[in-house]
Amino acid sequence: MKPEVDNDICMHCGACVGTCPVNAIFLKEVSVEISDDCAECGLCVKACPVAALKGGI
Amino acid sequence: MLVSEGDVLEYDVVVVGGGPTGSTTARFAARQGADVLVLEKRQEIGSPVRCGEGVSLTWLDELEIDDYKKWTSQKVVGARLYSPAGNTLEITEKMAGDEVGVVCERDIFDKEMANLAAREGADFMVKTSALGLIKDDGMIKGVKARSMGKNFEIHSDIVVGADGFESQVGRWAGLYGAISPNDIMTCFQYRMADIEFDSRYTHFFLGSTAPGGYVWVFPKGEGIANVGLGIQVSRLDGSKTPKDYLDEFISSRKEFEDGEAIDMVAGAVSVAPPAEKTTTDGLILVGDAARVVDPMTGGGIVNGLKQAKIAGEVIGECIEEGRFDDEFLQLYEKRWRDRLENKLWRNYMAKEKAMTLDDKTFDKVIDALSDLGLEKMSVGAILEGVYERYPELIKEFEDML
Ligand SMILES: Cc1cc2nc3c(=O)[nH]c(=O)nc-3n(C[C@H](O)[C@H](O)[C@H](O)COP(=O)(O)OP(=O)(O)OC[C@H]3O[C@@H](n4cnc5c(N)ncnc54)[C@H](O)[C@@H]3O)c2cc1C
Ligand code: SF4
Ligand code: SF4
């Protein structure tokens with residue numbers, strides 16, 4: 001399962017975007033989109049400074 | 001600027017990202033006569049702030065900036081480093097060769113960089129995202145973009161990727177792939193009001209309070225500061241976030257007893273070696289997108305600005321010669337690497353070593369250095385100083401002496 005973004009927590013900071021090894025995350029102005037390219041590595045989940053991402057492992 | 005669905009705009013240069021490096025590239029390119037458009041996806045340049053706001057002042061002449069006061073929040077006279085056991089080292093302006101600098105107002109700073117570009121004739125579009133590159137026969141010839149719900153295209157001779165840590169442009173162009181989790185600092189920061197730190201200094205806390213990184217306290221005036229930390233992504237196991245680490249640090253120290261957080265900032269910086277390649281046919285990368293953040297400090301503003309000036313000047317030459325191919329763009333690679341690369345690599349290696357130190361070693365190192373009363377705070381001087389007291393600590397660093 002690709003990670004899910006909790007928009008109540010997300011700060012739209014882009015830490016997950018730059019961390020993703022397969023470029024599956026895109027940060028729009030106020031939303032984070034994860035595409036089906038996600039390789040489920042879980043790195044973005046760890047990189048998120050505020051635990052707004054769940055799953056992905 | 002108004003655009004309608006399906007419009008095609010023509011420019012010499014399109015810059016993706018209205019941060020300080022995007023604006024500065026635009027400024028110097030426009031000065032050489034280029035027609036430049038800067039796209040910024042956020043509705044306001046510089047905001048929300050995603051930065052600790054610490055910046056030196058040694059680069060003002062090079063970047064032709066005459067008034068730093070308008071974006072300065074607090075001038076500092078030195079830095080204090082704290083080891084885990086509380087040993088401290090004070091680095092004064094004199095020791096650091098004027099690199100101590102100021103804590104700035106990043107939103108005002110970024111807007112000023114944009115203002116300087118606009119005054120040279122650059123155009124800006126905010127609330128406008130680049131969505132992809134337009135390629136024609138192997139050359140990059142512009143970007144697809146979206147502004148206020150309208151899809152349109154900008155055709156250009158050269159595209160500049162100044163889109164920061166999250167850079168898509170560099171990835172779309174195939175210039176690089178993933179960054180190692182060892183080389184990413186993920187950060188969290190509060191603006192804390194009503195705290196007790198000496199506001200004439202920046203403060204740095206080393207060791208396992210921020211694994212692989214450090215905690216910073218950068219004053220924004222009396223009793224108020226940016227209090228943040230960066231942690232190496234590879235040191236996080238998912239059980240604790242950077243925010244958790246910072247909350248723990250703050251609740252462990254009496255200086256914050258009455259403190260109130262009045263804002264929150266999250267983000268990440270690369271502390272990687274500089275990108276191996278920052279050009280391709282019709283495209284260049286600058287700033288965080290080119291990975292020129294200082295790997296030792298995580299500071300990226302100054303290196304990015306120096307690189308951006310070179311980028312703007314080279315673009316001027318491209319236009320003069322009518323050449324936008326990768327071969328011609330090696331001018332850019334060469335000039336910025338001559339200017340910045342040695343120090344980036346040296347600090348990358350120093351960071352790699354510093355990452356391996358445990359809390360006890362940080363205690364010893366800070367202790368040894370403060371005893372020495374160093375005159376000058378260069379990496380070389382630090383290593384030699386520690387070598388005198390703890391030769392065994394320095395064995396690994398010997399190649400850098
Ligand atoms: C928490 C934190 C603390 C920091 N503290 C310091 C510090 O104290 N001192 C220091 O020197 N550096 C610090 N840095 C690093 C510093 O912020 C960066 O090095 C600096 O902002 C780099 O400038 P830039 O112009 O390359 O990128 P950015 O400032 O990141 O600008 C990139 C811009 O591009 C825009 N963008 C991205 N994608 C698109 C797109 N597709 N279309 C249109 N626009 C787009 C973004 O919205 C953004 O505005 C810190 C970073 C973080 C995260
Ligand atoms: S889980 Fe891994 S591959 Fe999937 S979006 Fe996150 S970082 Fe990218
Ligand atoms: S790292 Fe976390 S807070 Fe930042 S944009 Fe990604 S999901 Fe949101």
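Residue numbers start from 1 in every chain, and the chains themselves are labelled A, B, ... in the order their sequence lines are given, proteins ahead of strands.
- The greatest number of non-hydrogen atom pairs below 4.5 Å with chain A, out of B/S167, B/A268, B/A266, is found for B/A266.
- Looking at B/M264, both its backbone and its side chain come within 4.5 Å of chain A, counting heavy atoms on both sides.
- Salt-bridge formation is detected for the pair B/K220/B/E53: a Lys NZ or Arg NE/NH1/NH2 atom is positioned less than 4.0 Å from an Asp or Glu carboxylate oxygen.
- The greatest number of non-hydrogen atom pairs below 4.5 Å with chain B, out of A/C48, A/G14, A/P49, is found for A/P49.
- Taking NZ of B/K243 as the reference point, atom CZ of B/F188 lies at 5.5 Å (rounded to 0.5 Å).
- Proximity to chain A is limited to the backbone of B/V265, based on heavy atoms less than 4.5 angstrom apart.
- Between B/E44 and B/K127 no salt bridge is recorded (no basic side-chain N to carboxylate O distance below 4.0 Å).
- Residue contact with chain B, scored on non-hydrogen atoms closer than 4.5 Å, is absent for A/C16.
- Salt bridge present: B/R42 and B/E40 bring a charged side-chain N and a carboxylate O closer than 4.0 Å.
- The local environment of CD in B/E5 is crowded, with over 12 non-hydrogen atoms from other residues, nucleotides or ligands closer than 6.0 Å.
- Between chain B and the options A/L27, A/I25, A/T19, A/N23, the largest number of non-hydrogen pairs under 4.5 Å is found for A/N23.
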